[in-house]
Amino acid sequence: MTSTAAAPPPPRAYRRLSVEERRAQLLVAALGLFAHRAPDEVSLDEVAVAAGVSRPLVYRYFPGGRQQLYEAALGSAADELKLCFTEPPVGPPTERVARVLDRYLRFVDEHDTGFSALLRGGSVVETSRTTTIVDGVRRAAAEEILSHLGRIGDTDADAGKRSAGERTAGPQSTRARSAGPRLRMMVRSWIAAVEAASLIWLDEGKQPPAAELRGWLVDHLIALLAATAATDEETASVVRDLLALENPEGPAGRLAALVIPVVADAAHLLTPAPAAD
């Protein structure tokens with residue numbers, strides 16, 4: 001009697017991974033664990049199991065052990081986080097920032113515990129190198145936000161690119177001015193506030209919804225710009241240029257509609273103009 005059972009599928013051909021592919025595989029496995037566990041709670045055995053390889057193989061690629069693996073994984077996550085802040089200069093600036101924050105908060109959501117451990121510090125694997133990686137993300141984020149305000153930063157990385165306070169920016173070879181100290185401080189303060197809000201958001205069980213938090217953070221940036229513009233002419237110029245690109249339906253228009261009635265209630269606080277002679 002002839003069997004009608006289907007023949008088993010042929011075994012899959014084994015393909016040896018290149019050095020780069022194997023290293024990337026190990027980093028993906030490590031990032032998956034670091035995303036939801038504090039770095040000092042993750043063992044190399046767990047990384048090996050997650051990657052489907054042996055522990056000695058992990059050591060072959062990361063002879064420095066967990067510390068070297070964590071720093072490499074952190075660098076990979078930092079590169080991904082920097083990309084969150086990269087946005088083409090198209091459309092109203094506040095809408096660009098909103099898209100940036102959507103990506104940023106999605107990253108925070110997907111890397112919740114690891115993100116908290118990263119920014120709060122205190123891990124046994126925290127070193128000057130890991131601190132430098134994290135600070136590099138903050139500086140890159142500030143640079144991107146400044147670029148949407150029509151300015152460039154004043155970091156060491158920019159020093160070689162500046163010429164008389166300017167550099168070529170973008171494919172159209174337009175000229176962008178260096179940001180002054182007040183504007184740089186304001187943007188970096190906002191980046192710090194975004195970090196703090198993200199950590200509080202995680203502590204509060206990711207409430208309010210991410211879209212609501214994003215809207216509030218965009219409002220926060222607009223409010224900081226307006227307050228700084230009141231006493232800093234450079235920021236005032238930036239705000240004028242920014243508002244010219246906004247529309248009534250966007251974040252700036254919506255916030256203006258909400259704030260102007262509130263500000264109008266403060267009219268009695270204004271000093272009366274002196275009477276004419």
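Keep in mind that this is a model prediction, so the values were computed, not measured.
By the side-chain contact (heavy atoms from CB on, under 4.5 Å) test, A77 is found to be paired with L31, F107, residues two or more places apart in sequence or in another chain being considered.
A salt bridge does not link R184 to E143: none of the charged side-chain nitrogens sits closer than 4.0 Å to a carboxylate oxygen. Contact check on E195 versus R138 returns a salt bridge, with a Lys/Arg side-chain nitrogen under 4.0 Å from an Asp/Glu carboxylate oxygen. Taking a cutoff of 4.0 Å between a charged side-chain nitrogen and a carboxylate oxygen, D102 and R106 do not qualify as a salt bridge. At a threshold of 4.0 Å, the pair E234-R151 counts as salt-bridged, since one of the basic side-chain nitrogens sits closer than that to a carboxylate oxygen.
Looking at heavy atoms from C-beta onward, L74 lies out of side-chain contact with F34 at the 4.5 angstrom threshold. V100 is not listed as a side-chain neighbour of C84, based on a closest heavy-atom distance of 4.5 Å or more. For the pair V108 and K206, the minimum side-chain heavy-atom distance is 4.5 Å or more.
Atoms CD and CG, from Q68 and L44 in turn, are 10.0 Å apart once rounded to the nearest 0.5 Å. Residue I145 holds its CD1 atom at 9.0 Å from CE of M186, rounded to the nearest 0.5 Å. Note that the CG atom of D45 and the CZ atom of R55 stand 4.5 Å from one another [nearest 0.5 Å].
L221 and W216 fall within a single hydrophobic cluster, where Ile, Leu, Val, Met, Phe, Trp and Tyr side chains are chained together by heavy-atom contacts under 4.5 Å.
Using a 3.5 Å distance cut-off with no hydrogens or angles, the side chains of E71 and T130 do not pair a donor with an acceptor.
Residues A229 and T235 approach most closely at N-CG2, 3.7 Å, considering heavy atoms. The heavy-atom pair separating T94 from P251 by the smallest distance is OG1-CD, 3.4 Å.
Of the possible donor and acceptor atoms, one in the side chain of E21 sits under 3.5 Å from a partner among the backbone N and O of S18.
Of the options R96, R103, H148, a side-chain hydrogen bond (donor to acceptor under 3.5 Å, both in side chains) to E87 is made by R103 and by none of the others. With R182 as reference, T231 is the one residue of T231, T228, D232 to meet the side-chain hydrogen bond (donor to acceptor under 3.5 Å, both in side chains) rule.
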Verdict with supporting geometry, L81 and Y104, side-chain contact (heavy atoms from CB on, under 4.5 Å): CA-CA 7 Å; L81 191 50; Y104 175 82; 3.8 Å; yes
Just do the side-chain contact (heavy atoms from CB on, under 4.5 Å) check on W201 and D109 with the steps written out, would you? CA-CA 10 Å; W201 184 62; D109 183 29; 4.2 Å; yes
Determine, step by step, whether I152 and S147 satisfy the side-chain contact (heavy atoms from CB on, under 4.5 Å) criterion, reporting the C-alpha distance in whole Å, the side-chain angles of both residues, the deciding distance to 0.1 Å, and the verdict. CA-CA 6 Å; I152 60 174; S147 74; over 6 Å; no
Using the side-chain contact (heavy atoms from CB on, under 4.5 Å) rule, take V262 and L258 through it: C-alpha gap first, then chi angles, then the decisive distance, then the call. CA-CA 7 Å; V262 176; L258 294 172; over 6 Å; no
